[in-house]
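Scroll down for the structure; my scribbles are underneath it.
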Amino acid sequence: MYRNINKELAKIFREMAMIYEFIGKDEDKFRALTYQRVANLLEDLPDDVRNYLISGKLEEIRGIGSHTIEKIKEYIQTGKISKYEELKKLVPPDFLQLMEIPGFGPKTLKRIYEELGITTKEELIKALKDGRIASLKGFGEKKVKNMLKGLELYEASQKRLILWEALEIGRSLVEKLKNLKEIKNIELAGSLRRKKETIGDIDILVSANQQDREKIINYFVNLEDVKEILAKGDTKASVLIKQRERQVDLRVINPDEWGSALQYFTGSKEHNVHMRDIAKSKGLKVSEYGVFIASTGEKIAGETEEGVYEAIGMQWIPPELREDRGEIEIALEKKLPKLVELSDIKGDLHVHSTWTDGMNTIQQIIEFVRERYKYEYIAITDHSKSVRVAHGLSEEDLLRQIEEIDKLNKLIGFDFIKKGIEVDILLDGSLDLSDEVLSKLDWVVASIHTHFNRDNTDRIIKACENPYVTAIGHPTGRIFGQREGYPVSDEILKVAKETGTALEINAQPNRMDLNEVWVKKGKEIGVKFVISTDSHSFGNFAYMEIGVAIARRGWCTKEDILNTKSWKEIQKFVNAKRKKFGVLK
DNA sequence: GCCGTTTTCGGCCCGACTGTTTTCAGTCG
């Protein structure tokens with residue numbers, strides 16, 4: 001059975017970091033930080049840590065040293081890390097989880113543990129309510145109230161928003177703030193600007209003249225969306241909004257600080273720490289107010305983000321890459337890839353019509369897309385017959401659809417609509433339609449819609465080996481809030497590459513499948529991707545932005561994405577596979 | 001615990017807000 005040892009280790013290192021924070025010895029402060037970094041590194045590793053160990057590549061990673069390697073080896077050999085087993089005894093198990101709650105810092109928890117002898121979450125809540133904690137020195141009623149509030153917030157925020165949902169909420173707030181003419185610049189910052197797949201809080205950055213700040217902050221906290229004000233000061237405010245009980249932070253800065261503030265509030269934290277560290281080694285100091293020469297305090301950048309990076313000797317880094325996954329080193333060498341952009345997309349190759357479960361006829365789709373998008377082609381890819389709930393198409397149905405598309409294309413004057421199918425991959429890996437009918441199509445997406453509980457690597461590999469399959473649809477099958485993906489090995493990346501099969505980046509907001517980790521891994525071995533919306537209605541075509549965000553976070557350039565190319569180029573890709581399998585001369 | 005064209009020892013990002021304080025610690029991002 002597939003086992004994610006990277007994740008297991010990351011969890012242990014993260015817990016060890018928290019235990020050290022809880023213990024709170026000064027000399028352990030930075031040890032905790034290091035463990036935290038190691039946990040992040042392990043989680044981001046594109047391949048099994050054991051392979052890194054064997055190839056000797058683990059010790060080359062900046063931030064992983066000899067002691068970490070020893071611990072990882074110990075875990076692989078014995079299934080345990082003795083240091084971790086020792087540390088675990090020093091803190092009540094509930095307290096590790098409690099440390100994630102706003103207002104529950106390590107210092108606070110340690111005193112509650114030591115002075116009141118509390119060891120469980122339940123007891124702690126009781127002590128908050130009966131006044132025992134408020135009576136501790138340095139604690140007070142307000143602090144206790146905030147801790148109880150933190151508990152509530154934590155429970156509500158356990159469900160993170162998916163990117164699309166957060167973008168919609170964030171953008172609507174930005175629109176409302178734009179009513180204020182005092183606002184010079186406004187932008188969504190934080191993980192939303194980095195386009196992470198799930199979002200906790202929403203951050204909004206605004207620039208304005210000093211004297212207008214108060215007005216802007218007051219306007220913000222009094223928006224009808226606001227349910228509760230969490231904090232409010234001269235330069236920032238935090239509120240809880242009604243939509244999905246989200247926390248939204250607004251920060252107001254001066255126009256000449258826009259670049260440094262945007263850089264700072266975009267994060268990630270790891271990216272900023274690393275960047276500032278490098279700045280420091282060059283005698284510079286970076287804060288949200290600008291880049292300064294440390295010795296003189298002279299400001300040398302801050303108005304634009306480009307200027308901030310340039311002052312430290314780096315290329316501007318696209319927000320989607322700012323996760324401290326190597327982008328800083330490459331930016332110093334000025335060798336960042338030029339990432340794919342939404343405007344590079346030339347067509348959508350996964351679209352459903354009323355022939356199965358889509359909301360619109362092919363005719364209507366043509367009109368809508370040609371009016372709203374500058375696409376050169378789209379592929380109609382309805383379901384095949386075994387997907388009964390969607391009234392999937394039989395061979396005969398598909399032949400009739402092909403005829404209709406021919407007629408419609410004639411009206412347009414060129415082959416705008418490509419003939420496609422989303423054909424089901426059956427349990428044994430064979431396809432739901434005959435090769436004969438598939439051979440008549442321009443584009444064949446093969447997808448799994450059944451048997452999610454088994455390892456489906458074999459089915460996908462077999463589908464890749466069909467000469468007519470041009471892409472694998474939503475390859476890992478996950479749906480946010482419904483199910484995790486089925487187990488599947490990264491062997492499919494190699495097979496996709498070798499067989500000349502594209503892998504889909506499905507841009508449906510609750511799928512985002514492949515995700516950025518898979519995409520980055522695939523890109524590194526030369527897999528071609530296709531970004532598709534899997535549209536079932538007009539509104540769905542806008543999801544392309546989500547798919548492009550995944551590709552960008554996976555470091556993809558235009559070259560990695562098939563549907564940035566003309567149809568002629570795509571046809572070459574399709575024909576190359578058919579030739580390879582000997583079904584086309 | 002990690003790291004080093006200033007260092008193998010002595011550093012490790014930086015500032016705002018809150019509450020409980022009379023000058024600051026803790027927490028957060």
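The sequence lines fix the lettering, A, B, ..., with proteins before strands; numbering per chain opens at 1.
- By the rule that a glycosidic angle within 90° of 0 means syn, B:dT5 does not qualify and counts as anti.
- Among the atoms of the strands shown, only primed sugar atoms or phosphate atoms (P, OP1, OP2) are found under 4.0 Å from some heavy atom of A:T68.
- The residue A:D234 sits close only to the backbone: its heavy atoms come under 4.0 Å of sugar-phosphate atoms, none of a base.
- Note on A:E341 versus A:K338: salt bridge recorded, some NZ/NE/NH1/NH2 to OD/OE distance being below 4.0 Å.
- Nucleotides B:dC2 and B:dT8 place their C1' atoms 12 Å apart, quoted to the nearest Å.
- Nucleotides B:dC12 and B:dT7 are separated by 13 Å at their C1' atoms, to the nearest Å.
- B:dT8: no Watson-Crick or G-U partner with both key distances under 3.5 Å is found in any strand.
- Across all strands, A:I64 comes closer than 4.0 Å only to sugar-phosphate atoms, never to a base (heavy-atom distances).
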Below 3.5 Å between N/O atoms, which protein atoms pair up with nucleotides 26-29 of chain B? Just atom names and distances, please.
residue, atom, partner, partner atom, Å
B:dG26, O3', A:T108, OG1, 3.4
B:dT27, OP1, A:G105, N, 3.1
B:dT27, OP1, A:G105, O, 3.2
B:dT27, OP1, A:T108, N, 3.0
B:dT27, OP1, A:T108, OG1, 2.4
B:dT27, OP2, A:K107, N, 3.4
B:dC28, OP1, A:I101, O, 3.4
B:dC28, OP1, A:G103, N, 2.4
B:dG29, N2, A:Y264, OH, 2.2
B:dG29, N3, A:Y264, OH, 3.0

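- On the C1' atoms, B:dT6 is 13 Å away from B:dG11, given to the nearest whole Å.
- Atom CD of A:E310 sits about 7.0 Å away from atom NZ of A:K334, to the nearest 0.5 Å.
- A gap of 24 Å separates the P atoms of B:dA16 and B:dT21, to the nearest Å.
- The CD-C1' distance, from A:E141 to B:dT20, rounds to 13 Å in whole Å.
- Residue A:H274 has no polar side-chain atom (N or O) positioned under 4.0 Å from OP1 or OP2 of B:dC13.
- For A:E214, the CD atom counts as loosely surrounded, since its 6.0 Å shell holds 12 or fewer non-hydrogen atoms of other residues, nucleotides or ligands.
- Nucleotides B:dT23 and B:dG19 have their C1' atoms positioned 14 Å apart, rounded to a whole Å.
- Proximity of A:F13 to A:T68: side-chain heavy atoms (C-beta onward) are separated by under 4.5 Å at one or more points.
- The pair A:E74-A:K83 does not count as a salt bridge, with every side-chain nitrogen at least 4.0 angstrom from each carboxylate oxygen.
- A residue-by-residue look at A:A231 and A:G63 shows that A:G63 has its nearest nucleotide of DNA chain B further toward the 5' end.
- Among the heavy atoms of the strands lying under 4.0 Å from A:K83 are primed sugar atoms or P, OP1, OP2 only; no base atom is included.
- Here B:dC12 presents its P atom at 17 Å from CG of A:D28, a figure rounded to the nearest Å.
- An OP1 or OP2 oxygen of B:dC14 is reached within less than 4.0 angstrom by no side-chain nitrogen or oxygen of A:N272.
- When the P atom is used for both B:dG1 and B:dT5, the distance is 23 Å, rounded to whole Å.
- Residue A:M16 forms a side-chain contact (heavy atoms from CB on, under 4.5 Å) with just one option from A:R31, A:K71, A:E86, and that option is A:K71.
- Across A:W555 and A:E327, no two heavy atoms sit closer than the pair CH2-CA, 3.6 Å.
- At a threshold of 4.0 angstrom between heavy atoms, the contacts of A:E70 with the nucleic acid are absent.
- A:G117 and A:E123 make their closest contact through O-OE1, 4.1 Å (heavy atoms, listed as atom of the first residue, atom of the second, distance).
- A:K29 comes within 4.0 angstrom of no nucleic acid atom, judged by non-hydrogen atoms across all strands.
- Comparing the P positions of B:dT27 and B:dT20 gives a spacing of 13 Å, expressed to the nearest Å.
- Ring orientation note: the planes of A:Y113 and A:F22 are tilted relative to one another, at an angle of 30° to 60°.
- Residue A:I312 contributes atom CD1, which lies 14 Å from atom P of B:dC13 at whole-angstrom precision.
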Atom pairs, protein N/O to nucleotides 5-7 of chain B N/O, distance under 3.5 Å:
none

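- Close to B:dG15, at under 4.0 Å from its OP1 or OP2, lies a side-chain N or O of A:K285.
- For the residue pair A:E15 / A:Y84, a side-chain donor-acceptor distance below 3.5 Å is found, with atom types taken as modelled.
- If you take CG of A:L230 and C1' of B:dC17, they are 12 Å apart, rounded to a whole angstrom.
- One atom, CZ of A:R14, and another, C1' of B:dG1, lie 16 Å apart when rounded to the nearest Å.
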### Message
Evaluate A:H274 against A:D324 for side-chain hydrogen bond (donor to acceptor under 3.5 Å, both in side chains), listing each step before the verdict.
### Response
CA-CA 7 Å; A:H274 191 181; A:D324 196 21; 2.7 Å; yes

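- Taking atom OH of A:Y35 as the reference point, atom P of B:dG1 lies 4 Å away to the nearest angstrom.
- Across the C1' atoms, B:dC13 and B:dC28 are found 14 Å apart, a figure rounded to whole Å.
- What separates CZ of A:R31 from P of B:dG11 is a distance of 17 Å, to the nearest Å.
- No engagement by A:R37 is indicated, since no non-hydrogen atom pair under 4.0 Å with the nucleic acid exists.
- Note: CD1 (A:I217) to C1' (B:dA16) measures 11 Å, nearest angstrom.
- The aromatic rings of A:W164 and A:Y543 sit perpendicular to each other, their planes meeting at more than 60°, with 30° as the lower class boundary.
- When heavy atoms are screened at a 4.0 angstrom cut-off, A:V286 is found touching the sugar-phosphate backbone but no base atom.
- Residue contacts for A:K71: at a heavy-atom cut-off of 4.0 Å it reaches the sugar-phosphate backbone alone, with no base atom in range.
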